[in-house]
Number of protein chains: 4
Amino acid sequence: MAGAAERVREAALDLFADRGFHGVGIRQLAERAGLSSASLYHYMGTKEDLLAAIMRACLERLLADAEAAAAAHADPVARVEALVRAHVVSHAERPRETRVVDGELAALTGETRAEVVALRDRYERVWQDAIDAGAAAGAFAVGSPAVARRALLEMCSGVARWYDPAGPIPLTELADLYAAMARQLLGVRA
Amino acid sequence: MAGAAERVREAALDLFADRGFHGVGIRQLAERAGLSSASLYHYMGTKEDLLAAIMRACLERLLADAEAAAAAHADPVARVEALVRAHVVSHAERPRETRVVDGELAALTGETRAEVVALRDRYERVWQDAIDAGAAAGAFAVGSPAVARRALLEMCSGVARWYDPAGPIPLTELADLYAAMARQLLGVRA
Amino acid sequence: MAGAAERVREAALDLFADRGFHGVGIRQLAERAGLSSASLYHYMGTKEDLLAAIMRACLERLLADAEAAAAAHADPVARVEALVRAHVVSHAERPRETRVVDGELAALTGETRAEVVALRDRYERVWQDAIDAGAAAGAFAVGSPAVARRALLEMCSGVARWYDPAGPIPLTELADLYAAMARQLLGVRA
Amino acid sequence: MAGAAERVREAALDLFADRGFHGVGIRQLAERAGLSSASLYHYMGTKEDLLAAIMRACLERLLADAEAAAAAHADPVARVEALVRAHVVSHAERPRETRVVDGELAALTGETRAEVVALRDRYERVWQDAIDAGAAAGAFAVGSPAVARRALLEMCSGVARWYDPAGPIPLTELADLYAAMARQLLGVRA
DNA sequence: AATGAATGAGAGTTCATTCAT
DNA sequence: TATGAATGAACTCTCATTCAT
């Protein structure tokens, strides 16, 4: 018997990712989780708290992975490649979480939103620092490191919207493809 | 004095882009447009019709621009570059429309949704054909043309989420930056 | 070109008879009459006024016919038979009006309603007087003249709900059938 | 303390019978039932479902009574008389239900309406069969059995619109009166 | 832990009606 | 005569949430 708390989380992931936070009602959530709508409130605070918990967990994992990847590679080229691989793998393996993170930030309000935005900013900073370092070292040929960071991140995040783990592209190949595209995009010197 | 119909459209663009279709109420829409909620219905069918009209108009323009760009360039490299430039400029100049197109497809239902999806698919086909042609001609160094198309499109669409026309990067420079990144990403042979 | 006022009246008859006063919107009325909803108000007061006018006209005609029938026959048996025939013919020829009269009284309010109720009461009084006269004269075998009046009236009004002038029963035959049933119901002495 | 579900049903009966389905708002229903309009929806599906439930229940009871009456009497005269008595008693005892059944059929839509119409048709068939049998056996003197059935049914249904159980006519006497009128109307041979 | 009952607020939409043109 | 524009009020129904059991 899967724990009810886990079922609530799963239901929220499925539904928020597919229909968006505001497109999902508490009763749909409850039905999907196999609970009454009143029982839902034993496993969450408000609906917004549930969203925030999902976003925080996902961003914290993303951030931890990115910081680990950054720490593991002193060389900017290797570092960026490691960031790309981690990001792509995360988005391929947990597309629901990442779609929610990327798309439902506007549904958060007040303090909670500020916290999640801060996490996202920290995550982007890790990327920016790596790219800036490579650019400063002359390892990349990019017109604007800031624009390149945005382009790279968007490009990699898109994976969550189309990649099918049961499809023809294995996850390792996907990571290789994105790593290669990222290197080219950045104009990595041979 | 702007026409009321135009004010309704503007209000919808502002609000749908910022809070998402389901995050916007009919009364907010009306207030923003300077009308009563009842009067809104002189200028639209249902709320969903309003969304569909916005999406269709944007996609049709995007498609027309892309087909024009494709028709203007026989060379795959030039063609892809033209597509990138048109896409980036559109997303920079009309970020609200494009964010709605990219983010609210799930809010559409039934026949309308099918129509909009068909438009989007036609648009993506134009890109795919151009990329496939370049790959077939050996002009690009890409591991997978299909993945490259997705990466490119996501990368360029992201512009609508951050570019500020009043910021430090002029639009022409933005287009140049993305064109360059696209060429590198695709591994265009020198 | 049929007069617009007439078209409004026809539309109201069709729709009120089919869907009931509260089941019909002003826009449906307008569409059926080939006018805009605003233009409707050149030909009527309020929606309720329109209903009242229909009911009054129908009841006044019914009443005039009944009074004429009563005046034409001193003999109670002949008088009741004449009332039955007039009522049945009216309901067969103008089923929409009579269905509205029979079914939408509750939609009227205030003074108007009182007036229409008064008309209806006058109409029923003509019937009651005739039946009472026959009963007093020993011409009828009825347990209760008051109950008999109600039974007779309901029986005859039903015609408006099913009779089809294009069907197998000619109007004259219909009137004969009801006259015969009425005589039998009242136990007219041979 | 009456159950809330029962109070909703009672409120609907009172209001639908008096003002018609379309003449009653959900808030009036709620107020009459002593609930908020939102709470109403714990006890019903849609407003139309509520109407349909009332109509079905009433028609099913009517049908069961009629079939029992028909089964209990082989003789057509006795059978019709039993049908009349059952119908009159039902309409006298439950005038709200029967008025709703007789007057609000047009408010139903789609599948539900078809089901209720089918029930009504079955009910009328029981009457028609009995009358036809009597006519075939020469027990009745009627010009048209089909017209007679309509006349009889309308005559008896009218009871729901005027009979007052607290008035001067006891229910048993009412049934006797209608049975006698029905026999006479049908021209039952002595 | 679980839920039936309850609700104020709000959803999208239509209502009957008015009025300037 | 005719109507597009406009609206406050009402419509049916669902929202997220609470609470007694």
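Labels below follow one simple rule: chain letters A, B, ... track the order of the sequence lines, proteins then strands, and each chain is numbered from 1. Keep in mind that this is a model prediction, so the values were computed, not measured.
- Between A:Arg99 and A:Asp18 there is a salt bridge, with a side-chain nitrogen of the basic residue lying less than 4.0 Å from a carboxylate oxygen of the acidic one.
- Between E:dT7, E:dA5, F:dT17, one nucleotide has an atom nearer to the side chain of A:Ala38 than all others, and that is E:dA5.
- Distance from the side chain of C:Ser36 is smallest for F:dT3 among the nucleotides F:dC13, F:dT3, E:dT13.
- Donor-acceptor pairing under 3.5 Å, judged by distance alone, is present between the side chain of B:Arg27 and the base of E:dG12.
- Atom NE2 of A:His42 is separated from atom C1' of F:dT21 by 11 Å (rounded to the nearest Å).
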Test log, rule salt bridge (Lys or Arg N to Asp or Glu O under 4.0 Å), inputs B:Arg61 and B:Glu97: CA-CA 11 Å; B:Arg61 182 202 291 254; B:Glu97 284 89 333; 6.0 Å; no
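- Using a 4.0 Å cut-off, some side-chain N or O of A:Ser39 falls inside it from OP1 or OP2 of E:dT3.
- You'll find that the side chain of B:Ile26 is closest to E:dG12, out of E:dG12, F:dC13, F:dT17.
- The pair D:Glu10-D:Arg32 does not count as a salt bridge, with every side-chain nitrogen at least 4.0 angstrom from each carboxylate oxygen.
- If you check every strand for non-hydrogen atoms under 4.0 Å, D:Ser37 touches a base.
- Computed from coordinates, the B:Leu35 CG to F:dG4 C1' distance equals 13 Å when rounded to whole Å.
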Evaluation steps, side chain to side chain contact (heavy atoms under 4.5 Å, CB included), between A:Asp102 and A:His91: CA-CA 11 Å; A:Asp102 289 341; A:His91 280 65; 3.6 Å; yes
Dot-bracket pairing map - DNA chain F, Watson-Crick plus G-U, both contacts under 3.5 Å, | cross-strand: .||||||||||||||||||||
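- Separating the CD atom of C:Glu48 from the C1' atom of E:dA16 is a distance of 12 Å, rounded to the nearest angstrom.
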